Amino acid sequence: MPPFASGLLVLTAPLGALPRRAAAAVAAAAGVVAGPLYVHLQPGLSLAAPQPRPAAPPACPALLRALAALYAAAAAERGLDLRVLLAPGRRLARPPRVLLAAAAEAPGPPGPVQLGLQRLAAAAYGCPPRLPALLLGGPAEPGGGPEEEDEDDPEGGPGAALPDFSDVAVGGTFDRLHGAHRLLLSACCLLARRRLLAGVADGDLLRHKVLMELIEPYELRAAKLREFLEDVKPSLRYDIVPLADPYGPSVTDPDLQCLVVSEETRRGGEAVNKKRRENGLPELALHEILLMKDPDHHQNEEEKISSSSLRQRLLGTLLRPPRPDPALPSRPYVIGLTGGTGSGKTSIAKLLGHLGAFLIDADKLGHAVYVPGGPAYEQVVATFGAEILNEDGTINRKVLGAKVFGNQERLKSLTDIVWPEMARMVKEQIGEAGAQGKAVCVLDAAVLLEAGWQDMVHEVWTAVIPEEEAVQRVVARDGLSEEAACSRLRSQMTNSQRVQQSQVVLCTLWEPDVTRRQVEKAWDLLQQRLSQKCSL
């Protein structure tokens with residue numbers, strides 16, 4: 001783990017040289033700082049000068065290219081929380097614990113350079129005067145100082161500048177701020193003189209997002225967005241609002257002059273201007289930012305850096321720590337696997353079984369409690385009447401289901417009889433797993449959370465699938481009409497409700513090989529957690 005929780009990296013190279021140097025500088029800093037890592041760009045500044053004067057870098061195309069390179073480099077470093085500062089002037093949200101500079105950009109004795117770093121950080125951001133100051137990398141390289149020619153920057157010479165506007169707007173989901181978000185928002189800050197209006201998608205706008213259940217709550221996304229923006233350019237006014245439709249205030253605010261878009265949202269920008277014309281408002285200038293490519297994208301992930309890809313990478317990982325329960329025996333370690341109808345939960349359970357888990361199928365136990373002579377048989381018949389019986393005396397579960405479906409009181413009467421008996425049988429099976437020396441036991445139970453059985457497990461794992469896909473699977477598997485399948489799904493706990501109570505989330509939306517890799521990742525990470533427990 002890097003020794004410092006946060007840091008300030010000062011880069012003095014010409015803007016045109018930064019795209020070549022960004023990866024090395026960020027990688028070196030990432031070895032020292034866990035994040036956030038603030039970056040202060042000061043082209044041509046001599047840190048060894050007696051009084052280094054902080055100033056904002058010029059708002060030009062070369063600066064945008066430098067920003068793109070820095071944020072792409074941060075994405076390669078575990079998604080490092082990088083924040084390139086576009087204007088000094090306030091205390092930073094997460095004050096730096098160390099000051100950094102690239103040795104190749106700071107020729108001369110280390111002492112004066114380190115002192116210059118301390119003075120600059122104090123003057124620009126109110127940092128304490130005696131913060132540790134480190135030089136990264138080896139000695140200065142010939143021709144590598146701040147006087148280096150900016151030969152690769154034909155647009156960076158005198159007169160090259162970005163347009164500016166009083167009021168600028170941007171919109172997005174802004175889930176788990178990544179490099180592409182940060183580049184987009186930084187462009188907005190460079191273009192705006194007075195105000196940035198940021199619309200954050202919420203509600204129905206999230207319904208069709210990939211793994212929408214893993215999108216952070218609006219309040220958290222808005223808070224992270226504000227912290228980033230106020231760090232990057234504190235002089236602007238930031239209006240952050242929820243978007244319940246694709247347009248929001250962009251089609252009614254008369255003060256707006258510019259809308260910042262990406263290649264894929266330009267058509268949305270054109271639709272905004274159409275609405276503004278209909279509302280008697282002037283069109284907005286559309287400023288387009290290029291998408292950032294993701295060199296590490298995997299199968300079924302987007303080629304660009306995107307929130308949906310980041311959410312896919314969360315599958316199989318530990319989203320929140322397990323709830324400690326001293327009453328649970330440490331071995332076998334019990335995973336409660338749940339999910340809605342059609343979620344692919346059973347296929348995940350089989351994969352876990354192949355990896356060595358002891359499987360308990362709650363559905364099979366449910367069948368066992370209903371059979372004649374079973375622990376719930378007599379009480380269920382007494383409660384719901386002989387009309388639920390087949391000619392051979394067995395309970396017709398379809399008839400019984402029809403009696404309780406949509407009737408919460410009858411359903412509770414049934415579950416109050418059946419669930420305690422099933423729980424008793426589950427505990428017996430867990431005991432059997434322990435007797436066989438199994439380290440991990442998986443309880444495959446659709447009703448795990450509804451029945452309150454999370455108290456019997458160490459971790460809850462949930463399988464999720466979009467409702468539209470689940471409906472198609474249920475129709476194909478069970479021969480139900482689409483309406484009946486929808487009704488069944490909506491009578492169950494939602495994916496989001498399950499995810500909120502889960503340690504691990506898995507998804508079977510894609511090819512079986514993708515599911516298998518998710519499960520293997522989840523299993524490997526589980527083994528690591530169990531090994532750590534054993535070593536304590």
Side-chain angles (χ1 to χ4, degrees), residues 59 61 63-65 67-68 70-71 82-87 162-203 205-206 209 215-216 218-276 279 281-292 304-308 310:
L63 176 56
L64 277 181
R65 291 193 292 275
L67 292 172
L70 286 163
Y71 284 123
L82 189 80
R83 309 180 190 189
V84 184
L85 305 171
L86 302 176
L162 295 174
D164 67 340
F165 306 90
S166 173
D167 291 50
V168 173
V170 69
T173 307
F174 300 117
D175 181 39
R176 295 176 172 82
L177 283 182
H178 52 65
H181 288 144
R182 292 166 194 246
L183 177 61
L184 179 73
L185 293 165
S186 297
C188 294
C189 291
L190 292 174
L191 296 170
R193 294 192 307 273
R194 186 181 79 94
R195 176 178 66 127
L196 174 60
L197 171 66
V200 180
D202 199 26
L205 289 185
L206 305 180
K209 297 287 185 182
I215 295 176
E216 294 175 321
Y218 167 80
E219 292 77 15
L220 180 58
R221 287 180 285 138
K224 289 182 177 180
L225 182 60
R226 182 173 295 281
E227 181 178 294
F228 175 80
L229 290 169
E230 291 181 347
D231 268 346
V232 165
K233 191 172 180 182
S235 60
L236 291 179
R237 170 183 148 196
Y238 296 107
D239 292 341
I240 298 174
V241 298
L243 290 181
D245 64 70
Y247 301 105
S250 67
V251 297
T252 57
D253 189 325
D255 295 328
L256 292 176
Q257 297 176 335
C258 173
L259 179 65
V260 180
V261 297
S262 67
E263 297 167 66
E264 62 182 19
T265 61
R266 171 171 277 278
R267 289 181 65 183
E270 292 166 354
V272 164
N273 275 336
K274 182 173 182 288
K275 286 277 190 183
R276 285 181 69 89
N279 292 339
L281 295 173
E283 291 189 9
L284 302 177
L286 299 182
H287 190 89
E288 184 176 312
I289 299 297
L290 295 178
L291 296 171
M292 290 178 64
K304 63 174 185 175
I305 294 177
S306 72
S307 297
S308 64
L310 295 182

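Position 1 is the first residue of the sequence; numbering continues from there. The model shown is predicted, which means the values in this text are computed figures rather than measured ones.
Contact record, Gly269 with Val261: CA-CG1, 4.3 Å, taken as the closest heavy-atom pair. Nearest approach of Cys189 to Leu229, heavy atoms of both residues: SG-CD2, 3.8 Å. The nearest pair of heavy atoms linking Tyr71 to Gly179 is CB-O, 3.8 Å. A pairwise comparison of heavy atoms in Gly199 and Phe174 identifies O-CE1, 3.6 Å as the closest pair. Leu190 and Ala59 make their closest contact through CD2-CB, 4.1 Å (heavy atoms, listed as atom of the first residue, atom of the second, distance). Closest approach of Ala187 and Ile289 over heavy atoms only: CB-CD1, 3.4 Å.
In this structure, Val170 and Leu185 have side chains that are in contact, with non-hydrogen atoms separated by less than 4.5 Å. Looking at Leu290 and Leu183, their side chains never come closer than 4.5 Å, going by heavy atoms from C-beta outward. Taking the side chain as every heavy atom from C-beta outward, Leu197 and Pro249 approach each other to under 4.5 Å. Residues Asp255 and Ser166 have side chains not in contact (no heavy-atom distance under 4.5 Å, counting atoms from C-beta outward). Counting only heavy atoms from C-beta outward, the side chains of Tyr218 and Ile240 approach each other to under 4.5 Å. Taking 4.5 Å as the limit, every side-chain heavy atom of Leu63 sits out of range of all side-chain heavy atoms of Leu162. Side-chain atoms of Arg176 and Ser307, non-hydrogen and from C-beta on, never get closer than 4.5 Å to each other.
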If you apply the rule side chain to side chain contact (heavy atoms under 4.5 Å, CB included), what do you find for Glu283 with Arg276, and how did you get there? CA-CA 6 Å; Glu283 291 189 9; Arg276 285 181 69 89; 5.8 Å; no
Worked verdict on Val84 versus Leu82 for side chain to side chain contact (heavy atoms under 4.5 Å, CB included): CA-CA 7 Å; Val84 184; Leu82 189 80; 4.1 Å; yes
Determine, stepwise, if the pair Lys233 / Tyr238 fulfils side chain to side chain contact (heavy atoms under 4.5 Å, CB included). CA-CA 10 Å; Lys233 191 172 180 182; Tyr238 296 107; 3.5 Å; yes
Which is it for Leu256 and Leu281 under the side chain to side chain contact (heavy atoms under 4.5 Å, CB included) test, yes or no, and what are the steps along the way? CA-CA 10 Å; Leu256 292 176; Leu281 295 173; over 6 Å; no
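Expressed to the nearest 0.5 Å, how far CG of Leu67 lies from CG of Leu184 amounts to 12.0 Å. Between Arg266 atom CZ and His287 atom NE2 the span is 10.0 Å, to the nearest 0.5 Å. With values rounded to the nearest 0.5 angstrom, His181 atom NE2 is found 8.5 Å from Ser306 atom OG. From Thr173, atom OG1 reaches atom CG of Leu205 across 8.0 Å, with rounding to the nearest 0.5 Å. With rounding to the nearest 0.5 angstrom, the CD atom of Glu230 is 9.5 Å from the CG atom of Leu225.
Look at Arg195 and Asp253 and you find a salt bridge, because one of the NZ, NE, NH1 or NH2 atoms lies within 4.0 Å of a carboxylate O, short of that distance.
Between the side chain of Asp175 and the main chain of Glu216, a donor-acceptor pair closer than 3.5 Å is present. A donor-acceptor pair is defined here as one N or O able to donate and one able to accept, closer than 3.5 Å; such a pair exists between the side chain of Asp245 and the backbone of Tyr247. In this structure, the side chain of Arg194 does not engage the main chain of Asp167 through any donor-acceptor pair within 3.5 Å. A donor-acceptor contact shorter than 3.5 Å links the side chain of Arg221 to the backbone of Ala201.
Residues satisfying the side-chain hydrogen bond (donor to acceptor under 3.5 Å, both in side chains) criterion with Glu227, sequence neighbours excluded, are Arg83, Arg94.
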